[in-house]
Amino acid sequence: MAIPFVNSIISWFLKKRKHQMELFIKYPIDVQEELLMRLIQFSKGTEFGETYGFSSINTYKEFTKKVPIQQYESIEPLIERCRKGEQNLFWPTKIKWFAKSSGTTNAKSKFIPVSDEAIEYCHLKAGKDMLCLYINNNENAELFNGKGLRLGGSSAIYEDNNSYFGDLSAIIIENMPFWADFSSAPKQETALMSEWETKMEAIINETINENITSLVGVPSWMLVLLNKVLEKTGKDNILEVWPNLEVYFHGGVNFNPYREQYKKLIPKKDFKYYETYNASEGFFALQDENGSYDLLLMLDYGIFYEFIPMDEYDGENSTAIPLSEVKMDVNYAVVISTNGGLWRYLIGDTVKFTSLDPYRIRITGRTKHHINVFGEELIIENAEEALKLACAKTKATITDYTVGPIFMNGDKKGGHEWIIEFKNAPKNLEYFTELLDNALKSLNSDYEAKRYNNMTLNMPMVHQAKEGLFYSWLKKKGKLGGQHKVPRLSNKRDFVEELLAL
């Protein structure tokens, strides 16, 4: 049973943080520069710090000259040594946590180091800030009179050489403060279950009779859970199960393809959606206004940011710029240096700035997840927006999709092959394809040029996937739940071929 004054006490505590946020909003560049120097000073005695002369770095310019931009493959040997017990390699305090991440459905896993500082001053701090911003924007919020339903990763924590690895969400759950665990459902034991389908059933059984006031999780997997809740209870919508539900905190994948389905599941006019932007490497941005699609870049989480304009992108050979030099509406790759020991690390995401005062962003895609086989430079942002426009005109809704190239062969022109699983399919797939193609032309001039008179690209080929195709594919790969995502765009045909073969 909820304790009546709990909501008021916790709300008051969280609101105090708003004043600290105002500091980095007012002095963003100063906060970032001071943060970088603190990180460098703190880590100068590490093996990495000594290799790159941290003790003689006093400015951002010196930092960029001495420390190269890096991808995971460059630092993997150091990480592997750390996993086997060596310390003080890239961060001075002991690192025992590693977030296992593949980013997509690729088999190769990454083990991202997660320091105690990153847990406390980045990930957990962001969780509190998420609640703080929501409560500040919604005076009548009653979140803590009920519980938040959390849908985390499907991997428990595993031990190896006295280090621990698993999904980041599992690591966070292991390290949550008591009050967060008190106000969350399901219980920790259930939240950390490894077998995804068994876990879903257990979560439903534990929560259908609780007073759930908020949801937290990845949209694609939360949608699966909510539909199973309705199947189990026989109710018409989620509000009949949890009448006090008021907000969904989501992240991990673009929400636009799922928005209409959520509106039907949760038919409440003033229901709130709050987006977050986090990854194994850190927590980066939060929605700070009701109804906004823009995310406030959080500048005091122990993460120093740099950006590479995508039209100049060349992986580790790129030239990055600091926050002070970014411009609006330019597509940037994100580079971070963190309190987890990542230095000038390319996280693989791309963003655009929608505001420079304060610094707000939108996620546009991945550096590797785009299609540029024919010079069309198609990014996820284009694909998502085009699907949204085509769906709006045909009253269709989408569960999942992926896109790959059709390569040129002799006199045969190239193209894009889409596999789309619809929740509500369009009556005429040919018309839907035409709308999708026209929307892509209007959104991307490079695509439009290659499509002109079918010069290089033919009309897209769209397959309507059978129901549950993507779920079955992920299950076959052992990739159900948590942060596992369907890769949206690829320059190769691997994913398309695998799905067509099922």
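Since the model is a prediction, treat every value here as computed from it, not as a measurement. The basis for the numbers below is simple: all heavy atoms, side chains too, and nothing from hydrogens, waters or symmetry mates.
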When you look at N244 and T213, which way does the side chain to side chain donor-acceptor pair (under 3.5 Å) test go after all the steps? CA-CA 5 Å; N244 298 318; T213 52; over 6 Å; no

Show the numbers, then the answer: is there a side chain to side chain contact (heavy atoms under 4.5 Å, CB included) between Y305 and V326? CA-CA 11 Å; Y305 294 97; V326 299; over 6 Å; no

Under the criterion side chain to side chain contact (heavy atoms under 4.5 Å, CB included), I'd like the reasoning laid out for V218 against W221: C-alpha separation, chi angles, the key distance, then a yes or no. CA-CA 6 Å; V218 176; W221 297 115; 4.2 Å; yes

Stepwise, does the side chain to side chain contact (heavy atoms under 4.5 Å, CB included) test hold for N424 with I398? CA-CA 7 Å; N424 297 305; I398 287 171; over 6 Å; no

Report the C-alpha distance between N290 and Y274 in whole Å, list the side-chain angles of each, state the deciding distance to 0.1 Å, and finish with yes or no for side chain to side chain donor-acceptor pair (under 3.5 Å). CA-CA 8 Å; N290 284 341; Y274 265 62; 2.4 Å; yes

Please report the C-alpha distance between E316 and S74 in whole Å, then the side-chain angles of each, then the deciding distance to 0.1 Å, and finally whether the side chain to side chain donor-acceptor pair (under 3.5 Å) criterion is met. CA-CA 9 Å; E316 293 179 344; S74 304; 2.4 Å; yes

Run K232 and E201 through salt bridge (Lys or Arg N to Asp or Glu O under 4.0 Å) and show every step you take. CA-CA 9 Å; K232 176 91 173 179; E201 189 66 27; 3.2 Å; yes

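Classification of K263 and E260 as a salt-bridged pair holds, one side-chain N sitting under 4.0 Å from a carboxylate O. Note on R493 versus E417: salt bridge recorded, some NZ/NE/NH1/NH2 to OD/OE distance being below 4.0 Å. With respect to R362 and E381, no salt bridge is recorded, no charged nitrogen being found less than 4.0 Å from a carboxylate O. A salt bridge between K125 and D129 is absent, with no side-chain N of the basic residue lying under 4.0 Å from a carboxylate O of the acidic one. Ionic pairing of K100 and D167 is not present here: no N-O contact between side-chain nitrogen and carboxylate oxygen is shorter than 4.0 angstrom. Taking the charged nitrogens against the carboxylate oxygens, E289 and R360 do have a contact shorter than 4.0 Å, which makes a salt bridge. Salt bridge status for R344 with E306: present, with a side-chain N to carboxylate O gap under 4.0 Å. Between K450 and E376 there is no salt bridge, since none of the side-chain N atoms of the basic residue sits less than 4.0 Å from a carboxylate O of the acidic one. Under a 4.0 Å N-O distance rule, the pair E498/K477 qualifies as a salt bridge.
In this structure H416 satisfies the ring pair (Phe, Tyr, Trp, His ring centres under 6.0 Å) test together with Y447, sequence neighbours excluded. By the ring pair (Phe, Tyr, Trp, His ring centres under 6.0 Å) test, Y273 is found to be paired with F255, F271, residues two or more places apart in sequence or in another chain being considered. For E467, there are no side chain to side chain donor-acceptor pair (under 3.5 Å) partners two or more places apart in sequence or in a different chain. For Y345, there are no ring pair (Phe, Tyr, Trp, His ring centres under 6.0 Å) partners at least two apart in sequence or on another chain. For F249, the ring pair (Phe, Tyr, Trp, His ring centres under 6.0 Å) partners two or more places apart in sequence, or in a different chain, are Y134.
Taking every heavy atom of both residues into account, K327 and Y332 meet most closely at N-OH, 2.8 Å. When all heavy atoms are compared, the tightest approach of M459 to R451 is N-NH1, 3.4 Å. Heavy-atom minimum distance, P186 versus A191: CG-N, 4.0 Å. Looking at every heavy atom in both residues, P219 comes nearest to H250 through CG-CB, 3.9 Å. N382 approaches N444 most closely through the heavy-atom pair OD1-ND2, 2.9 Å. Of all heavy-atom pairs spanning G148 and S214, the tightest one is CA-OG, 3.2 Å.
Listed by first and then second residue, the ring pair (Phe, Tyr, Trp, His ring centres under 6.0 Å) pairs involving residues 451-471 amount to none (not counting sequence neighbours).
Looking at K492, its side chain never comes within 3.5 Å of a backbone N or O of G404 through a donor-acceptor pair. Side chain of E421 to main chain of G468: a donor-acceptor pair is present (N/O by atom type, distance under 3.5 Å, no hydrogens or angles). In this structure, the side chain of N137 engages the main chain of D288 through a donor-acceptor pair within 3.5 Å. At distances below 3.5 Å, not a single donor-acceptor pair connects side-chain atoms of Y359 with backbone N or O atoms of T354. Between the side chain of N428 and the backbone N or O of E430, at least one donor-acceptor pair lies under 3.5 Å. When atom types are taken as modelled, the side chain of E240 and the backbone of G234 share no donor-acceptor pair closer than 3.5 angstrom. With hydrogens and angles disregarded, no donor-acceptor distance shorter than 3.5 Å links the side chain of D494 to the backbone of E497. Checking side-chain atoms of T364 against main-chain N and O of T350 turns up a donor-acceptor pair under 3.5 Å. Between the side chain of N438 and the backbone N or O of E434 there is at least one donor-acceptor pair closer than 3.5 Å.
With contacts defined as side-chain heavy-atom distances shorter than 4.5 Å, the pair S337/F63 qualifies. Contact check for D400 versus F422: no side-chain heavy atoms found under the 4.5 Å cut-off. The shortest side-chain heavy-atom distance between M21 and M298 falls under the 4.5 Å cut-off. Side-chain contact between L286 and N278: absent, with no pair of heavy atoms (C-beta onward) separated by less than 4.5 Å. Considering only heavy atoms from C-beta on, I79 comes within 4.5 Å of Y72 through its side chain. Considering only heavy atoms from C-beta on, T397 stays 4.5 Å or farther from Y258 through its side chain. Two residues are said to be in side-chain contact when any heavy atoms from C-beta on lie closer than 4.5 Å; T319 and E312 fail this criterion. In this structure, F304 and V335 have side chains that are not in contact, with every pair of non-hydrogen atoms separated by 4.5 Å or more.
More than 12 heavy atoms of other residues, nucleotides or ligands lie within 6.0 Å of NZ in K272, so this atom counts as buried by the packing criterion. The number of heavy-atom neighbours closer than 6.0 Å to CG of D270, taken from other residues, nucleotides and ligands shown, is above 12.
Separating the OH atom in Y401 from the CD1 atom in I419 is a distance of 13.0 Å, to the nearest 0.5 Å. With rounding to the nearest 0.5 Å, the separation of CD1 in I208 from NZ in K228 is 14.0 Å. Note: L239 CG to W242 CH2 = 10.5 Å, rounded to the nearest 0.5 Å. Note that the CG atom of L295 and the OH atom of Y277 stand 9.5 Å from one another [nearest 0.5 Å]. Note that the OG atom of S280 and the CD1 atom of I112 stand 6.0 Å from one another [nearest 0.5 Å]. With rounding to the nearest 0.5 Å, the separation of CD1 in I406 from CG in L457 is 9.5 Å.
Screening T207, I204, T233, I212 against V241 for a side chain to side chain contact (heavy atoms under 4.5 Å, CB included) leaves a single residue, T233.
There is no side-chain donor-acceptor pair under 3.5 Å between Q70 and W343.
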